[in-house]
Amino acid sequence: LYEQTGAYDDLEGVLSSWLDRSDDEETRVRLLRRLANLQERELDKPKAAIETYRSLHAQVESDRAVVDALVRLYERTERWPELLQVLGLQRDFAERPDEINQIEFREGRLQMNKLDDPASALESFRSILDRNRDHIEARRAVESLAERADDVAREASDFLQNLYREGEAWTMLEELLERQLDVVDD
């Protein structure tokens with residue numbers, strides 16, 4: 001009835017009340033799912049939905065849909081450290097190497113662009129390239145890290161030199177070494 005009449009705030013209150021009174025774990029899980037979905041989709045309350053999904057995750061850690069919802073909501077609310085954490089959980093669910101690479105690439109971009117942690121970003125991108133030497137986006141990200149003026153740049157540059165040598169990408173190696181000489185000359 002609440003849904004048919006669009007009384008979503010009232011429905012949220014009813015669901016919360018039932019949740020407070022329920023001792024049955026299966027019932028609690030069902031109510032938490034319904035409440036989180038309502039808060040996210042109908043009420044547009046991302047912070048409340050996050051808290052509800054977190055409670056749900058504590059009950060059913062093996063539910064990928066809950067982790068995916070947290071990823072979506074943390075990204076929407078720009079809660080970067082929390083997003084990084086749940087991306088790690090999402091990666092744990094991944095089965096295919098390309099899926100793992102995609103999630104790990106998101107982690108690396110997040111570390112590089114939002115969390116100002118280039119060293120961790122480099123590790124994420126290196127991990128991808130260790131699995132797949134042809135991952136162009138990860139290679140480009142490492143190349144951008146190599147253009148910095150810090151220790152991370154040296155590590156990125158050393159990694160790229162090895163990558164280019166192993167792949168016999170002599171032109172790319174030559175360009176990298178020339179850029180390094182330009183930096184030294186400046």
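All heavy atoms count here, side chains included; hydrogens, waters and symmetry mates do not. Being a predicted model, the structure only gives us computed values, none of them experimental.
- At a threshold of 4.5 Å between non-hydrogen side-chain atoms, the residues Glu12 and Glu42 do not count as touching.
- For the residue pair Ser124 and Glu104, no side-chain donor N or O sits within less than 3.5 Å of a side-chain acceptor on the partner.
- For Trp18, the CH2 atom sits in a loose shell: 12 or fewer heavy atoms of surrounding residues, nucleotides or ligands are nearer than 6.0 Å.
- Heavy atoms of other residues, nucleotides or ligands lying less than 6.0 angstrom from CD of Gln85 number 12 at most.
- No donor-acceptor distance shorter than 3.5 angstrom exists from the side chain of Ser120 to the backbone of Asp117, with no hydrogens or angles considered.
- Under a hydrophobic-cluster definition in which Ile, Leu, Val, Met, Phe, Trp and Tyr are linked whenever side-chain heavy atoms come within less than 4.5 Å, directly or via other members, Val67 and Leu32 are assigned to the same cluster.
- Lys114 has its side chain out of reach of Arg109: every pair of non-hydrogen atoms, C-beta onward, lies at least 4.5 Å apart.
- Interatomic distance, Leu73 CG to Gln39 CD, rounded to the nearest 0.5 Å: 10.0 Å.
- The residues Glu137 and Arg140 are annotated as not salt-bridged, no charged nitrogen and carboxylate oxygen being separated by less than 4.0 angstrom.
- The two residues Leu87 and Leu110 make their nearest non-hydrogen contact at CD1-CD2, 4.1 Å.
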Would Arg139 and Asp134 count as a salt bridge (Lys or Arg N to Asp or Glu O under 4.0 Å) here? Give the steps. CA-CA 8 Å; Arg139 190 196 73 229; Asp134 297 325; over 6 Å; no
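- Side chain of Thr52 to backbone of Ala48: a donor-acceptor contact under 3.5 angstrom is found.
- Distance check, rounded to the nearest 0.5 Å: CD of Glu61 to CG of Leu89 gives 8.5 Å.
- For Asp130, the side chain to side chain contact (heavy atoms under 4.5 Å, CB included) partners are Arg133, Phe159, not counting sequence neighbours.
- Taken together through direct or relayed side-chain contacts under 4.5 Å among Ile, Leu, Val, Met, Phe, Trp and Tyr, Met112 and Leu83 form parts of separate hydrophobic clusters.
- Atom CH2 in Trp170 sits 13.0 Å away from atom OH in Tyr164 (nearest 0.5 Å).
- Between Arg34 and Glu40, none of the side-chain N atoms (NZ, or NE/NH1/NH2) sits under 4.0 Å from a carboxylate O, so this pair counts as no salt bridge.
- Closest approach of Pro118 and Arg148 over heavy atoms only: CG-NH2, 3.3 Å.
- Between Asp68 and Arg64, the closest side-chain pair of non-hydrogen atoms falls below 4.5 Å.
- For the pair Ala153 and Ala146, the tightest heavy-atom approach, listed with the atom from each and the gap, is CB-O, 3.6 Å.
- Using a cut-off of 4.0 Å between Lys/Arg side-chain N and Asp/Glu carboxylate O, Asp23 and Arg28 are scored as not salt-bridged.
- Arg21 and Ser17 share a side-chain donor-acceptor pair at under 3.5 Å.
- In this structure, CD in Gln90 is found 9.0 Å from CD in Glu107, a value given to the nearest 0.5 Å.
- With values rounded to the nearest 0.5 angstrom, Arg72 atom CZ is found 12.0 Å from Thr77 atom OG1.
- Ion pairing between Arg106 and Glu75 holds under the 4.0 Å rule for side-chain N and carboxylate O.
- No continuous path of ILVMFWY side-chain contacts below 4.5 Å connects Phe125 to Leu84, so the two sit in separate hydrophobic clusters.
- For Arg54, the CZ atom is loosely surrounded, since the number of other residues' heavy atoms within 6.0 Å does not exceed 12.
- The nearest pair of heavy atoms linking Leu70 to His57 is CD1-CB, 4.4 Å.
- Here the CD atom belonging to Glu155 is positioned 6.0 Å from the CG atom belonging to Leu122, to the nearest 0.5 angstrom.
- You'll find the side chain of Ser16 reaches within 4.5 Å of the side chain of Leu35, heavy atoms only.
- Scanning all heavy atoms of the two residues, the minimum distance from Arg33 to Leu56 falls at CG-CD2, 3.6 Å.
- The 12-atom threshold is exceeded at CD of Glu123, counting heavy atoms of other residues, nucleotides or ligands nearer than 6.0 Å.
- Among all heavy-atom pairs drawn from Ser127 and Arg131, the shortest one is OG-NH1, 3.1 Å.
- There is a side-chain donor-acceptor pair under 3.5 Å between Arg41 and Asn37.
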